[in-house]
Amino acid sequence: MKVSKQKIYLLIAGIILSLVGFYIGFLPAEYLGQFSNDTQYSPGILSEMRGMGGTIFVFGMFIFSSAFYKDME
């Protein structure tokens, strides 16, 4: 079975984006904590980070699933 480099790159990129989006979406305070010492964040900014993380996660899943799309060959 021959696997093209393009499919491998899509799999790796999809997995990485999904993991990053999952991390940002479910742990936004920890993600923001690495950039500053402020431990109190407003609910608005945490909600914005969750939305961004969810979007990154969905794009990662889309890229991951595109590796299995037959017409790409």
Side-chain angles (χ1 to χ4, degrees):
M1 182 174 140
K2 184 181 176 190
V3 179
S4 66
K5 286 183 187 179
Q6 185 178 18
K7 287 189 179 192
I8 293 172
Y9 290 144
L10 286 171
L11 286 172
I12 292 171
I15 290 170
I16 290 172
L17 277 176
S18 297
L19 289 175
V20 169
F22 184 82
Y23 176 68
I24 294 172
F26 284 100
L27 302 169
E30 289 185 20
Y31 175 73
L32 288 172
Q34 66 184 342
F35 300 115
S36 70
N37 293 333
D38 187 17
T39 58
Q40 296 293 328
Y41 298 106
S42 67
I45 191 71
L46 294 178
S47 178
E48 292 288 330
M49 294 303 294
R50 285 185 188 108
M52 182 186 71
T55 303
I56 293 172
F57 179 77
V58 168
F59 282 131
M61 291 278 69
F62 179 74
I63 291 170
F64 180 79
S65 65
S66 68
F68 302 104
Y69 189 59
K70 279 289 214 194
D71 291 341
M72 276 183 63
E73 297 177 355

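These numbers were taken from a predicted model, which means no experiment stands behind them. The figures here come from the full heavy-atom set of this structure, side chains too, leaving out hydrogens, waters and symmetry mates.
Both Y31 and L46 are part of a single hydrophobic cluster, where members link through side-chain heavy atoms under 4.5 Å apart. Connection of I24 to I45 is established within a shared hydrophobic cluster, with ILVMFWY side chains joined at heavy-atom distances below 4.5 Å, either directly or through further cluster members.
Among all heavy-atom pairs drawn from I63 and S66, the shortest one is O-OG, 2.6 Å. Taking each heavy atom of S18 and G60 in turn, the nearest pair found is OG-C, 3.3 Å. Between I56 and L17 the shortest heavy-atom distance is CG2-O, 3.4 Å.
The list of ring-ring contact (aromatic ring centres under 6.0 Å, His included) pairs with a residue in residues 2-26, not counting sequence neighbours, reads F22-F26. Listed by first then second residue, pairs satisfying ring-ring contact (aromatic ring centres under 6.0 Å, His included) with a partner in residues 44-64 read F64-F68, not counting sequence neighbours.
Between the CG atom in L11 and the CD1 atom in I16 there is a gap of 11.0 Å [rounded to 0.5 Å].
In this view, S65 satisfies the side chain to side chain contact (heavy atoms under 4.5 Å, CB included) rule with no residue, not counting sequence neighbours.
Environment of CD in Q34: crowded, with over 12 heavy atoms of neighbouring residues, nucleotides or ligands closer than 6.0 Å.
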